[in-house]
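Just so you know, residue 1 is the first one in the sequence shown, and it goes up from there.
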Amino acid sequence: MLRLQAPLPDRYTRATPDELARWIEEARADLAGRVVILGHHYQRDEVIRWADARGDSFRLARFAADSDATDIVFCGVHFMAESADVLTGDHQRVILPDLNAGCSMADMADLEQVEEAWESLAAVVDIDRVVPITYMNSSAAIKAFVGRHGGAVCTSSNARAVLEWALDRGDRVLFFPDQHLGRNTGFDMGFTEDRMLLWDPRREQGGLTEDEIRAATLLLWRGWCSVHQRFTPEHVEAFREQYPGGEVIVHPECAHEVVALADRTGSTERILEWVAAAPAGSIFGVGTEIHMVQRLAAEHPDRTVVSLDPLVCPCSTMFRIDAPHLAWCLEQLVAGEPVNEIHVDPDTAAWARVALQRMLDIT
Ligand code: 13P
Ligand code: SF4
């Protein structure tokens with residue numbers, strides 16, 4: 001999705017790292033008590049060092065909701081800032097330092113496509129028995145669609161509980177946008193491959209026959225994360241060869257053949273907890289975004305933490321948030337001219353909140 005971020009003034013693009021750090025520090029001091037800076041685990045070091053709270057997307061949204069700050073500077077991607085806006089009060093403002101920090105996976109399910117899929121399904125099965133579930137990594141418009149149609153949001157740490165809830169209420173689930181999280185959770189719940197079919201939004205009726213739709217329990221939207229899809233079984237094998245005593249931990253956005261070989265699978269927050277709780281000398285091959293892996297390695301020098309993929313694999317949209325953008329949006333706040341406010345319209349926000357609240361009630 002194209003969002004237009006105007007180029008930054010020269011003051012920021014030409015500044016040295018030291019100047020930027022000083023400006024951020026000064027602006028933060030000026031805004032003390034009023035602003036909170038949130039940082040997702042995938043952020044660069046030059047950004048995360050300023051975060052008042054770090055976390056996965058869900059934890060950060062909760063942090064925003066519980067915060068008294070009037071200005072929330074969200075160092076993450078667009079859907080995270082939207083969720084924070086949905087969960088915060090009208091007196092609070094959510095700011096995304098670079099408007100082009102989207103999420104390619106979230107963009108793979110747009111409202112029009114989802115509504116078309118819903119209509120196609122309604123022509124084949126009793127639509128009141130289909131429960132839509134969306135991953136946190138989706139736009140507020142998709143979360144609102146889910147809220148309106150009796151479904152819920154899930155995160156990478158509670159997908160199983162949410163899917164179980166959904167299947168208590170209906171016969172089948174339409175799950176978007178990440179096929180891998182859906183499939184990995186489905187396998188975890190004991191479903192075989194023939195019960196989990198891929199819904200391709202670019203094809204008529206998702207590319208499925210009517211019989212296939214009737215037979216499916218999980219209809220998995222054909223979306224994926226370009227960062228996590230890079231990890232392969234060969235990466236796992238190469239790591240095990242190099243580190244025979246090592247443990248493989250991956251994010252559930254990885255393909256099932258990788259998850260099946262891993263020792264553990266969990267959200268960014270869980271991966272972090274596992275490494276932090278491990279004894280000195282432990283060895284981990286981690287399948288997630290490289291900034292988080294490198295930070296884990298730096299923060300736990302007595303453990304060996306390496307990326308499963310020896311070639312660097314950053315999330316290019318998370319990477320857009322940098323010190324110049326952070327300095328710029330903080331200084332604009334100090335000047336009383338806020339920029340890059342993320343505002344979800346009230347109707348969308350109300351229904352997205354319903355879907356988010358259902359998740360909270362389930363888990
Ligand atoms: P977490 O919610 O596990 O932090 O995941 C967010 C994300 O974007 C993973 O790609
Ligand atoms: Fe989106 Fe993947 Fe980046 Fe996460 S790592 S924000 S899912 S593109």
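- Between Phe187 and His256, the two ring planes are parallel [angle under 30°; tilted spans 30° to 60°].
- Phe231 and Leu272 fall into different hydrophobic clusters, where Ile, Leu, Val, Met, Phe, Trp and Tyr side chains are chained together by heavy-atom contacts under 4.5 Å.
- When all heavy atoms of Pro201 and Trp221 are compared, the pair lying nearest together is CB-CZ2, 3.3 Å.
- No side-chain donor-acceptor contact under 3.5 Å links Arg54 to the backbone of Leu60.
- Other residues, nucleotides and ligands place no more than 12 heavy atoms under 6.0 Å from the CG atom of Asp90.
- For Ser120 (side chain) and Glu116 (main-chain N/O), a donor-acceptor pair under 3.5 Å exists by modelled atom type.
- Side-chain atoms of Thr317 and Tyr42, non-hydrogen and from C-beta on, never get closer than 4.5 Å to each other.
- Looking only at atom types and distance, the side chain of Gln5 has no donor-acceptor partner in the side chain of His325 under 3.5 Å away.
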query: Is there a side chain to side chain donor-acceptor pair (under 3.5 Å) between Thr70 and His91 once you walk through the steps?
result: CA-CA 6 Å; Thr70 45; His91 63 292; over 6 Å; no
- prompt: Would Arg270 and Glu273 count as a salt bridge (Lys or Arg N to Asp or Glu O under 4.0 Å) if you check the C-alpha gap in whole Å, the side-chain angles of each, and the deciding distance to 0.1 Å?
  reply: CA-CA 5 Å; Arg270 295 306 301 279; Glu273 284 165 14; 3.3 Å; yes
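- No hydrogens or angles considered: a donor-acceptor pair under 3.5 Å links the side chains of Thr348 and Asp345.
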query: Asp211 and Arg214: salt bridge (Lys or Arg N to Asp or Glu O under 4.0 Å), yes or no, with the steps?
result: CA-CA 5 Å; Asp211 284 346; Arg214 284 192 200 98; 3.2 Å; yes
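- Taking CG of Leu218 as the start and CG of Leu174 as the end, the distance is 10.0 Å to the nearest 0.5 Å.
- Using modelled atom types and a 3.5 Å distance limit, the side chains of His343 and Glu341 yield no donor-acceptor pair.
- In this structure, Met105 and Trp224 have side chains that are not in contact, with every pair of non-hydrogen atoms separated by 4.5 Å or more.
- Salt-bridge formation is detected for the pair Asp263/Arg240: a Lys NZ or Arg NE/NH1/NH2 atom is positioned less than 4.0 Å from an Asp or Glu carboxylate oxygen.
- Inter-residue side-chain proximity for Val250 and Val286 is flagged as unmet; no heavy-atom pair is nearer than 4.5 Å.
- Not a single donor-acceptor pair under 3.5 Å links the side chain of Glu253 to the backbone N or O of His228.
- Considering CD of Gln92 and CG of Leu87, their distance stands at 10.5 Å, rounded to 0.5 Å.
- The distance from atom CG of Asn158 to atom CD of Glu164, rounded to the nearest 0.5 Å, is 11.5 Å.
- In this structure, Asp200 contributes its side chain and Gly207 its backbone to no donor-acceptor pair below 3.5 Å.
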task: For the pair Thr192 and Asp194, evaluate side chain to side chain donor-acceptor pair (under 3.5 Å) and give the outcome as yes or no after the intermediate values.
output: CA-CA 6 Å; Thr192 45; Asp194 54 323; 2.6 Å; yes
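- Two residues are said to be in side-chain contact when any heavy atoms from C-beta on lie closer than 4.5 Å; His78 and Cys103 fail this criterion.
- Using a 3.5 Å distance cut-off with no hydrogens or angles, the side chains of Asp45 and Gln294 do not pair a donor with an acceptor.
- Val236 is not connected to Leu296 by any chain of hydrophobic side-chain contacts under 4.5 Å among Ile, Leu, Val, Met, Phe, Trp and Tyr, and they are in different clusters.
- To the nearest 0.5 Å, atom CG of residue Asp85 and atom CD1 of residue Ile72 are 8.5 Å apart.
- Looking at Thr209, its side chain does come within 3.5 Å of a backbone N or O of Glu212 through a donor-acceptor pair.
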message: Working note: Val248 + Leu308, criterion side-chain contact (heavy atoms from CB on, under 4.5 Å); need CA distance, chi angles, decisive distance, verdict.
response: CA-CA 8 Å; Val248 173; Leu308 270 187; 3.9 Å; yes
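- Taking the six-membered ring wherever Trp is involved, the centroid distance between the rings of His235 and Phe239 does not fall below 6.0 Å.
- Remark: side-chain polar atoms of Gln113 are paired, donor with acceptor, to backbone N or O of Asp110 under 3.5 angstrom.
- Placement of Leu197 and Val130 within a single hydrophobic cluster is found when ILVMFWY residues are connected by side-chain heavy-atom separations under 4.5 Å, directly or transitively.
- With Asp52 contributing its side chain and Val36 its backbone, the two residues share no donor-acceptor pair below 3.5 Å.
- Tracing side-chain contacts under 4.5 Å through hydrophobic residues (I, L, V, M, F, W, Y), one never reaches Val339 starting from Leu38; they form parts of separate clusters.
- With hydrogens and angles left out, the side-chain atoms of Arg353 and Gln357 include no donor and acceptor closer than 3.5 Å.
- With no hydrogens or angles considered, no side-chain donor-acceptor pair links His251 and Thr268 at under 3.5 Å.
- From Arg22, atom CZ reaches atom CD1 of Ile24 across 11.5 Å, with rounding to the nearest 0.5 Å.
- Contact check for Pro132 versus Val173: no side-chain heavy atoms found under the 4.5 Å cut-off.
- Counting only heavy atoms from C-beta outward, the side chains of Phe176 and Val146 approach each other to under 4.5 Å.
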task: Output, in order, the C-alpha distance, side-chain angles, deciding distance and verdict of side-chain contact (heavy atoms from CB on, under 4.5 Å) for Thr185 and Phe175.
output: CA-CA 11 Å; Thr185 312; Phe175 186 91; 5.7 Å; no
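- A donor-acceptor contact shorter than 3.5 Å links the side chain of Asn340 to the backbone of Pro97.
- Without hydrogens or angle criteria, Asp98 side chain to Ile321 main chain gives no donor-acceptor distance under 3.5 Å.
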field: Pair Ile142-Ser139, side-chain contact (heavy atoms from CB on, under 4.5 Å): steps then yes or no
entry: CA-CA 5 Å; Ile142 296 293; Ser139 66; 3.2 Å; yes
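- The aromatic ring centres of Phe145 and Trp118 sit less than 6.0 Å apart.
- Taking the ring centre of Trp165 as origin, the terminal cationic atom of Arg160 falls outside the region bounded by 6.0 Å and 45° from the ring axis.
- The closest side-chain heavy-atom distance from Cys75 to Ile37 is below 4.5 Å.
- A distance of 6.0 Å separates CD of Glu234 from CD of Glu237, quoted to the nearest 0.5 Å.
- Ion pair Asp56/Arg59 not flagged as a salt bridge, since none of the NZ, NE, NH1 or NH2 atoms sits closer than 4.0 Å to an Asp/Glu carboxylate oxygen.
- Geometric assessment of Arg44 against the ring of Phe319 yields a positive cation-pi assignment under the 6.0 Å and 45° thresholds.
- Under the 4.5 Å side-chain heavy-atom criterion for Ile, Leu, Val, Met, Phe, Trp and Tyr, Met359 and Ile133 are members of the same hydrophobic cluster.
- For the pair Trp328/Pro9, a side-chain contact is recorded, criterion being any heavy-atom separation below 4.5 Å from C-beta on.
- With hydrogens and angles ignored, the 3.5 Å screen pairs a side-chain donor or acceptor of Lys143 with a backbone N or O of Met136.
- Side-chain atoms of His180 and Gln229 include a donor-acceptor pair closer than 3.5 Å.
- Taking a 6.0 Å sphere around CG of Asp302, one finds it holds more than 12 heavy atoms contributed by other residues, nucleotides or ligands.
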